[in-house]
Amino acid sequence: MRRTSLITFIGEHVLRARYLGIGIVLLLLACKGEEMVNEWKKSTVAPVKPGSTVQIRVVQAINGRLPRMSPEQLKIVLASTQLTVWKNFGVYVEFTEAPEIGIDRLFALIPPPIKEARLPSIYDFKSGTGDKQKLAEGIHATLVERGTKLEDALAFAAPYLPADAHPKDLTSFADLLAKVMLERLEQWRNVKAADGAPVLDYSPYNEWVYWDTLGYGNLPYDLVITNQFVASAEYYGVDIHSAIRGGVTVGTTAFSRTGKYGSYIFWSTFPFSDNSENSKRLRVGEEYSEADAAELSGAYLAHEIGHLLLQLGHPFGQKACVMNPVSMLRFREWFNQVNVADCAIGSRPEMKVGAIPPFFNSEWVRVAQEMK
């Protein structure tokens with residue numbers, strides 16, 4: 001996964017947003033540091049308890065330009081998730097039927113004022129106008145915010161960073177991550193879809209910021225499975241595992257205003273289905289069969305279920321932990337190393353139930369409620 005967007009937002013400026021069609025200007029405050037405390041609040045939704053049976057509402061969001069999984073593969077994905085969640089968390093998950101929706105209709109659920117308010121959070125790599133120093137500062141802020149230890153971060157990331165890089169503190173580590181992220185993100189711009197056009201076109205669907213914002217709308221799902229490729233850069237919430245693979249997001253657990261668990265998951269099947277040279281290189285040269293792609297996708301989706309239901313964190317570098325993010329796109333390697341006996345719930349601070357509860361912007365919630 002990339003980005004547990006549960007404590008997400010530091011350093012945006014005062015933003016303006018408009019209700020479409022009625023011309024009312026809203027001032028959405030997003031000040032720095034302690035001045036933001038009144039805007040960002042912790043959700044009161046409690047994590048579920050191990051031993052519970054829960055139902056998760058599912059939808060498929062489809063981009064017709066990109067490769068997608070078949071109905072048979074989707075069944076394998078969800079069955080693999082159920083098994084992995086049960087083995088690692090002791091929770092039984094029931095999934096609803098998964099109707100399809102066009103990705104354009106899904107994005108239409110984002111309240112326009114909030115979508116506009118989030119726009120300055122995006123590092124515009126497509127036009128080349130992003131602020132590299134601000135990107136590094138945002139990565140550093142996220143590392144500090146989440147209590148990241150340099151030793152743990154390097155244990156996870158060092159094998160995938162330049163051999164001559166030896167950051168001595170979180171500041172230099174953040175600078176390095178920003179540089180690596182942008183260089184590798186640029187490589188993804190060369191990947192083509194079946195129609196011959198770039199996978200990363202000028203639509204907004206690849207931007208993680210908007211997926212992180214989707215839950216402020218009236219989202220009637222707990223799990224959105226999409227074939228959309230999500231690769232981007234932003235000034236907040238950048239996770240280490242995303243940065244080193246070029247801004248690629250496999251999945252995110254983000255705040256959901258109407259979600260019964262306080263959050264929702266989006267899950268991209270693209271990293272499992274795509275067989276471009278970029279994807280295969282990050283998978284150590286592997287090209288998955290349809291069955292393997294579905295099984296590995298489902299197993300790794302259990303990682304996001306851990307965020308959604310139990311509010312678990314990231315034990316970086318602890319390879320036995322299902323909550324340890326995958327390195328690059330080495331899904332099989334990750335799968336083979338997971339061992340619940342060596343990383344049970346509660347065995348580490350990040351593995352304690354409720355370790356990272358959802359946070360949300362209360363002003364944006366108010367705006368969304370008033371738009372009914």
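Side chains are part of it too, since the values below use all heavy atoms of this structure and drop only hydrogens, waters and symmetry mates. In what follows, residues are counted from 1 in the order of the sequence shown.
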Regarding [X] and [Y], do their side chains bring together a donor and an acceptor under 3.5 Å, going by distance alone?
| X | Y | answer |
| --- | --- | --- |
| R257 | Y264 | no |
| N275 | R283 | yes |
| S172 | D175 | no |
| S276 | N278 | no |
| Q318 | N324 | no |
| T213 | R118 | yes |
| K319 | N336 | no |
| S80 | E295 | no |

What I want to find out is whether [X] reaches [Y] closely enough, with some N-O distance under 4.0 Å, to be called a salt bridge.
| X | Y | answer |
| --- | --- | --- |
| E72 | K75 | no |
| R366 | E370 | yes |
| R348 | E350 | yes |
| R332 | E286 | yes |

For [Y], is there any backbone N or O sitting under 3.5 Å from a side-chain donor or acceptor partner on [X]?
| X | Y | value |
| --- | --- | --- |
| S43 | V45 | yes |
| D212 | W208 | no |
| K260 | Q55 | yes |

Which value, rounded to the nearest 0.5 Å, describes the distance between [X] atom [atom1] and [Y] atom [atom2]?
| X | Y | atom1 | atom2 | value |
| --- | --- | --- | --- | --- |
| S256 | L214 | OG | CG | 8.0 Å |
| T252 | D239 | OG1 | CG | 7.5 Å |
| I56 | F95 | CD1 | CZ | 5.0 Å |
| N227 | R65 | CG | CZ | 10.5 Å |
| S273 | E287 | OG | CD | 11.0 Å |
| Q187 | L182 | CD | CG | 11.5 Å |

Check the pair F270, S297 against side-chain contact (heavy atoms from CB on, under 4.5 Å), reporting the backbone distance first and the verdict last. CA-CA 10 Å; F270 183 93; S297 179; over 6 Å; no
Check whether F360 forms a cation-pi arrangement with K41 (NZ or CZ under 6.0 Å from the six-membered ring centre, at most 45° off the ring normal). no
Report the C-alpha separation of K134 and E137 in whole Å, then their side-chain angles, then the decisive distance to 0.1 Å, and conclude whether the salt bridge (Lys or Arg N to Asp or Glu O under 4.0 Å) test is met. CA-CA 5 Å; K134 186 179 176 183; E137 291 171 354; over 6 Å; no
Check for me whether the distance between the ring centres of F335 and Y300 falls short of 6.0 Å. no
With salt bridge (Lys or Arg N to Asp or Glu O under 4.0 Å) as the test, would you mind laying out the steps for K115 and E207 before giving the verdict? CA-CA 11 Å; K115 185 175 181 180; E207 296 289 352; over 6 Å; no
Residue among Y221, W211, Y205, Y210 satisfying ring pair (Phe, Tyr, Trp, His ring centres under 6.0 Å) with F266: W211
